[in-house]
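To start, the structure under review is shown below, and the notes come after it.
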Amino acid sequence: MVKKRVAVLVSGRGSNLGALLAAAQAPDYPAEIALVLSNRPDAGGLAKAREAGVAAVAVDSRPFKGDRLAFEAEMQKVLDAHGIEIIALAGFMRVLTEGFVTAWNGRMINIHPSLLPCFPGLDTHQRAIDAGVRFHGCTVHLVTPGVDEGPIIAQAAVPVLADDTEEALAARVLAQEHQIYPAALAWLAAGRIRVEGARTVVEGATGPEGVLRNPC
Ligand code: GRF
């Protein structure tokens, strides 16, 4: 099997990166994590990559002083040098330009800590608690120019409990992020995702059984 060469882009601790690295150990996983790229030289994700023996490169965004085109051109050089075919954003905290996103159309995915289209943007867990929703969760989606807007590939829902804190809810969601992100990347790498307008279809995937209620 020829594995797709994936770059994971991180700005922080990289727990989702850790889940992707672990999944990619399986001989039949259709993707290889060939590069970890960060806009922050001090990102924990870079150290995690080095520990795993994966190429880890920082393209520090600060010297570019808001010149996003120049910053992205530098990133693109690194991606090209490593023969990258798919980008997985995993806590990458820079908004990408339309040009960069379009160049990677259908080949770039993101994980977001809410059930999109609810709660795009930041502070999703506190906003879910404040809104009083009974379910919250995470979403993997294809990246399009609108932030947190691309066609959804997978979601996982968790209950919001009456006494939840932001931290408790975040931890419950994060555990599910670590499940759905490796699965979604595998589907993309294996060519199982078909885009139909604003939706995607995952070839050969089955839906869950039953319903969820909260409270019971
Ligand atoms: C995750 O909550 C992810 O959904 C969001 O950024 C966070 C990254 O966490 N996009 P980690 O660095 O993967 O631990």
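It should be emphasised that the depicted structure is a prediction, and the values quoted were computed from it without experimental measurement. Each ligand, and each atom within it, is numbered from 1 in the order the structure gives.
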### Message
Tell me whether Cys138 reaches ligand 1 (any heavy atom closer than 4.0 angstrom to a ligand atom).
### Response
no
### Query
Closest non-hydrogen protein atom to atom 1 (C) of ligand 1, residue and atom name please, with distance?
Glu177 OE1, 3.1 Å
### Query
With the threshold set at 4.0 Å, does a side-chain nitrogen-carboxylate oxygen contact exist between Lys48 and Glu51?
no
### Query
Looking only at protein heavy atoms, which one is nearest to atom 12 (O) of ligand 1, and how far off is it?
Gly14 N, 2.8 Å
#### Entry: Heavy-atom side-chain contact between Leu174 and Asn16 under 4.5 Å
yes
### Polar proximity ligand 1 side, Asn110 side, N/O cut 3.5 Å exclusive
no
### Message
Nearest 0.5 Å, please: how far is CD1 in Ile109 from CD1 in Ile193?
### Response
7.0 Å
### Task
Enumerate the atoms of ligand 1 whose separation from the nearest heavy atom of Gly91 is less than 4.0 angstrom.
6 (O), 8 (C), 10 (N)
## Note on the structure
Ranked by distance from atom 13 (O) of ligand 1, the top protein heavy atom is Asn16 N, 2.8 Å
## Note on the structure
Nearest non-hydrogen protein atom to atom 9 (O) of ligand 1, with distance, is Arg13 NH2, 3.4 Å
### Task
Can you figure out which of Ile111, Leu17, Thr139 has its heavy atom closest to atom 5 (C) of ligand 1?
Ile111
### Task
Would you mind running through ligand 1 and noting each atom that sits below 4.0 Å from a heavy atom of Ser15?
11 (P), 12 (O), 13 (O), 14 (O)
### Message
Could you tell me if the side chain of Ile87 sits less than 4.5 Å from the side chain of Leu37, heavy atoms only?
### Response
no
### Message
Can you classify the ring geometry of Phe119 versus His136 as parallel (below 30°), tilted (30 to 60°) or perpendicular (above 60°)?
### Response
perpendicular
### Message
With a 4.0 Å cut-off on N to O distance, would you call Glu85 and Arg5 a salt bridge?
### Response
no
### Closest approach of His141 to Ile152 (non-hydrogen atoms, all atoms of both residues)
CB-CA, 4.0 Å
